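So the structure is just underneath, and the comments pick up after that.
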Amino acid sequence: MNPNRILFLLLVTWYSFAQQKDVASLNYEQLKPLLFQKSERVQVINFWATWCAPCIKELPYFEKLNQRDDVEVLLVSLDFPKHKQKRLLPFIEKYKIRSKVVHLDDANETFWINQISTKWSGALPATLIYNNNRRGFYEQSFTKEELYAEVNSYF
Amino acid sequence: MKIIFLNLSFLFLIILNDSVPGVAYQIGDVATDFSLPNVDGKMVSLSDFADAKGFIVIFTCNTCPYSVAYEERIIALDKKYSEEGYPVIAINPNDPAAIDGDELSDMKVRAEEKGFTFPYIQDVGQQIYPQYGATKTPHVFVLQKDGTDNIVRYIGAIDDSSRSPKEVKKRYVEQAVDALLAGKSPTTTKTKAIGCSIKTL
């Protein structure tokens, strides 16, 4: 293998790593389009935080779900803004999270919690599942079986 | 006529189910009293507070970062309002078997460390929080005494900035209690904030 090729591979590796680590901080208006996508795939939006133990427990189920071609998973972190660098990014790297992650940084909680679902009290974990025909909001923890059954009910 | 009535009641049930999971207090409901163990070893009931005009009931815990972020502000609320007749009553709804750090002994340590000036009681057997309809920590219910009843006047967040005390613009609980002390109804009666789900087995 010539040195140029090694350098190229290193660059690619570094780039994909940097990509994974780059988590956008969004306000609600910026997040909103991701909650109303027109897609053939079922959209699964999980609201979580690194400090939320039941969220961490169910995270692998969402990661597994994200491997399916007919499902798209988005993990919306509600970590405190001051913890994004110190906790959120290291967490994503340590557990090699493959699903798309964004960080919701918007102080107007009463407004956007009701916008996302009037059923949501604000407790974490919480999950939004939708496709072009149906939307469902779940303020609960899932077992793997429950999550798969719920997502499959959208097909 | 009977069919119409049945249809209407069915519709009503659907609406109820859609707005709240299970039964939860709405503004104007009578809140239940309780007898729960405090960090000082005594039992606490709302009826113990003969001179109170009402209560700031806060479901909170040791282990939720949002609860911890609000500890100083909860102490400040009690200091400001207990003498005016609205003491803070903090209730830990978590089942200690479901999470490390929320045993009564852990609560005692935290109350002493932080110098809690209010009761910090344990919802033993998780019997009380479901009746209130608390879903998370922290979750506030401002009650106003009416004879022997305690009427729910405000449900929601302490203020509009869980992240930073410096960025608070609206002090929801203070606005509600100030209104009640002035003989008025609170203008904002329901708010929402991110919190930790209540931990049960």
Side-chain angles (χ1 to χ4, degrees), chain A residues 25-28 31 45-59 75-84 86-88 91 103-128 134-143, chain B residues 15-22 24-25 59 61 63-70 93-94 98-102 129 132-141 154-170 172 188-201:
Chain A
S25 283
L26 309 177
N27 62 27
Y28 178 68
L31 174 71
I45 319 288
N46 176 240
F47 298 89
W48 70 294
T50 58
W51 48 257
C52 166
C55 303
I56 303 309
K57 193 178 168 195
E58 65 181 11
L59 214 48
L75 304 175
V76 179
S77 156
L78 287 158
D79 279 273
F80 289 98
K82 63 179 175 187
H83 292 156
K84 183 182 170 185
K86 249 184 351 197
R87 296 190 189 169
L88 177 60
F91 181 94
H103 178 231
L104 177 55
D105 181 6
D106 191 324
N108 197 356
E109 289 179 4
T110 291
F111 173 73
W112 57 254
I113 289 170
N114 277 324
Q115 288 284 307
I116 291 167
S117 173
T118 52
K119 281 203 239 172
W120 190 12
S121 81
L124 295 183
T127 301
L128 169 71
R134 193 179 146 206
R135 294 178 83 80
F137 195 83
Y138 308 86
E139 182 174 305
Q140 64 173 81
S141 301
F142 282 107
T143 64
Chain B
I15 291 164
L16 266 181
N17 275 332
D18 197 45
S19 58
V20 282
Y25 288 153
F59 291 89
C61 67
T63 48
C64 173
Y66 277 86
S67 293
V68 173
Y70 269 112
N94 287 346
I99 185 163
D100 282 341
D102 275 324
Y129 88 79
Y132 278 70
T135 57
K136 61 189 166 142
T137 54
H139 203 160
V140 184
F141 295 75
Y154 171 83
I155 302 170
I158 292 169
D159 57 42
D160 66 350
S161 175
S162 54
R163 293 167 176 77
S164 164
K166 285 179 208 147
E167 286 164 41
V168 172
K169 291 189 194 78
K170 290 176 187 157
Y172 300 127
T188 302
T189 55
K190 276 186 138 183
T191 59
K192 286 184 178 179
I194 293 296
C196 305
S197 61
I198 289 169
K199 304 297 184 288
T200 55
L201 282 180

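The sequence lines fix the lettering, A, B, ..., with proteins before strands; numbering per chain opens at 1. Treat the numbers as computed from the prediction; the structure is a model and nothing was measured.
Pairing each heavy atom of B:P65 with each of A:F80, the nearest pair is CB-CE1, 3.8 Å. Shown here for B:I194 and A:E109, the closest heavy-atom pair between the two residues is N-OE1, 2.8 Å. The minimum heavy-atom distance linking B:K136 with A:G122 is given by the pair CD-C, 4.0 Å. The heavy-atom pair separating B:A193 from A:I113 by the smallest distance is C-CD1, 3.5 Å.
Judged purely by atom type and a 3.5 angstrom limit, B:K192 has no side-chain atom pairing as donor or acceptor with the backbone of A:W112.
Here A:Y138 pairs with A:E150, A:Y154 under the side chain to side chain donor-acceptor pair (under 3.5 Å) rule; sequence neighbours left out.
Counting heavy-atom pairs under 4.5 Å between each of A:C52, A:P81, A:S121, A:A53 and chain B puts A:S121 at the top.
Residue B:K170 does not touch chain A at all, counting heavy-atom pairs closer than 4.5 Å. Residue B:S197 touches chain A through both its backbone and its side chain, counting heavy-atom pairs closer than 4.5 Å. Both the backbone and the side chain of A:W120 come within less than 4.5 Å of a heavy atom in chain B. At a 4.5 Å heavy-atom cutoff, A:D79 makes no contact with chain B through either its backbone or its side chain. For B:S162, the parts lying near chain A are the backbone and the side chain together; criterion is any non-hydrogen pair under 4.5 Å.
For the atom pair OG1 of A:T110 and CG of B:D160, the computed distance is 7.5 Å after rounding to the nearest 0.5 Å.
Contact of the A:P54 side chain with the B:K199 side chain is registered, since non-hydrogen atoms from C-beta on lie closer than 4.5 Å.
The neighbour count for B:D100 CG, taken as heavy atoms of other residues, nucleotides or ligands under 6.0 Å away, does not exceed 12.
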